[in-house]
Amino acid sequence: MAGASSQVFFEGTEKLLEVWFSSDSESPDLRDVKQEEWEKLLRIVRCEIISKTSNADMDAYVLSESSMFVTKSRFILKTCGRTTLLLAVEPLIQLVKEQCGFSKVLDVFYSRKKFAKPEQQHSIHQSFDEEVSHLDKLFKSTSLLTSPAVSESVNCTS
């Protein structure tokens, strides 16, 4: 019995993605995206919506692997475990363009602390260099801020 429990491991390190959008069209709002569409996006990430609460400024979701916050023009996704957060960036951009009319990504911020067992992550998340490379393919310029002993982050603009 002790051997079985020693094989169970959960990566508690949180991945954080923040994306700010803008548009030339009149008043798009990320909160207009239907929950079913967010659920499809989150399947890519490998998590699901448990509950939702809203106020005049924000929709807040409790997820199976952390949380998601949606404001008029800002998307925040915090996940842990073996989630594939960065695989959702391109589909997110397409979704908000189609559903809300957002035509521009103003800013992107991604960060995480060091993983205890990076080899157990999806290949895109096994090294910070891979994560940065993925974001570099999507955005024109990146500024990398890193403190390898504790955490790593990248800030992108389009």
Side-chain angles (χ1 to χ4, degrees), residues 9-25 27-49 58-61 63-158:
F9 174 77
F10 178 78
E11 183 69 69
T13 299
E14 198 167 71
K15 303 172 189 108
L16 170 65
L17 175 69
E18 297 185 41
V19 186
W20 290 261
F21 294 95
S22 73
S23 179
D24 296 328
S25 66
S27 302
D29 192 330
L30 292 174
R31 294 166 296 174
D32 291 339
V33 174
K34 292 183 168 77
Q35 184 166 323
E36 298 80 31
E37 296 300 323
W38 290 131
E39 289 169 349
K40 287 178 191 174
L41 181 75
L42 292 171
R43 277 189 220 120
I44 297 167
V45 178
R46 298 181 180 174
C47 64
E48 58 189 45
I49 296 171
M58 178 182 301
D59 293 341
Y61 298 83
L63 306 178
S64 59
E65 301 287 339
S66 204
S67 51
M68 178 174 81
F69 304 93
V70 180
T71 68
K72 183 175 180 171
S73 61
R74 184 177 177 196
F75 174 87
I76 302 167
L77 183 57
K78 298 170 101 175
T79 66
C80 54
R82 295 183 61 206
T83 54
T84 53
L85 189 101
L86 291 181
L87 294 180
V89 175
E90 267 187 295
L92 170 67
I93 293 167
Q94 190 62 37
L95 174 66
V96 302
K97 182 178 181 181
E98 291 171 1
Q99 298 282 318
C100 308
F102 280 105
S103 56
K104 298 174 192 163
V105 174
L106 280 182
D107 203 5
V108 175
F109 176 80
Y110 172 74
S111 70
R112 67 165 171 84
K113 291 188 176 185
K114 286 194 161 271
F115 293 123
K117 295 188 177 184
E119 69 280 1
Q120 290 190 7
Q121 294 291 316
H122 182 280
S123 61
I124 196 172
H125 289 291
Q126 287 184 354
S127 81
F128 195 65
D129 288 341
E130 281 298 317
E131 293 166 323
V132 171
S133 176
H134 179 75
L135 290 169
D136 280 344
K137 292 174 189 169
L138 299 176
F139 301 102
K140 294 176 186 166
S141 65
T142 60
S143 346
L144 176 61
L145 304 170
T146 182
S147 173
V150 181
S151 64
E152 302 169 301
S153 64
V154 63
N155 194 10
C156 309
T157 55
S158 59

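Just so it is clear, the structure is predicted and the values come from calculations on it, not from any experiment. Heads up: numbering here begins at 1 and tracks the sequence.
Take E18 and apply the salt bridge (Lys or Arg N to Asp or Glu O under 4.0 Å) test, not counting sequence neighbours, and it matches R74. By the salt bridge (Lys or Arg N to Asp or Glu O under 4.0 Å) test, D32 is found to be paired with no residue, residues two or more places apart in sequence or in another chain being considered. By the salt bridge (Lys or Arg N to Asp or Glu O under 4.0 Å) test, E65 is found to be paired with no residue, residues two or more places apart in sequence or in another chain being considered. For S73, the side chain to side chain contact (heavy atoms under 4.5 Å, CB included) partners are F102, not counting sequence neighbours. Residues that satisfy the salt bridge (Lys or Arg N to Asp or Glu O under 4.0 Å) test with E37, not counting sequence neighbours, are K40.
Atom-to-atom distance recorded for C47:SG and Y61:OH is 12.5 Å, nearest 0.5 angstrom.
Relative ring orientation between Y110 and H125 is described as tilted, the plane-to-plane angle lying within the 30° to 60° band.
A donor-acceptor pair is defined here as one N or O able to donate and one able to accept, closer than 3.5 Å; such a pair exists between the side chain of T84 and the backbone of I44.
Sorted by first then second residue, the side-chain hydrogen bond (donor to acceptor under 3.5 Å, both in side chains) pairs that include residues 85-97, not counting sequence neighbours, are Q94-E98.
In this structure, L77 and W38 have side chains that are not in contact, with every pair of non-hydrogen atoms separated by 4.5 Å or more. Using a 4.5 Å heavy-atom threshold, the side chains of W20 and F109 count as touching. By the 4.5 Å heavy-atom criterion applied to side chains, F139 and I93 are counted as neighbours.
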V33 vs V70, side chain to side chain contact (heavy atoms under 4.5 Å, CB included): CA-CA, chis, key distance, verdict = CA-CA 10 Å; V33 174; V70 180; over 6 Å; no
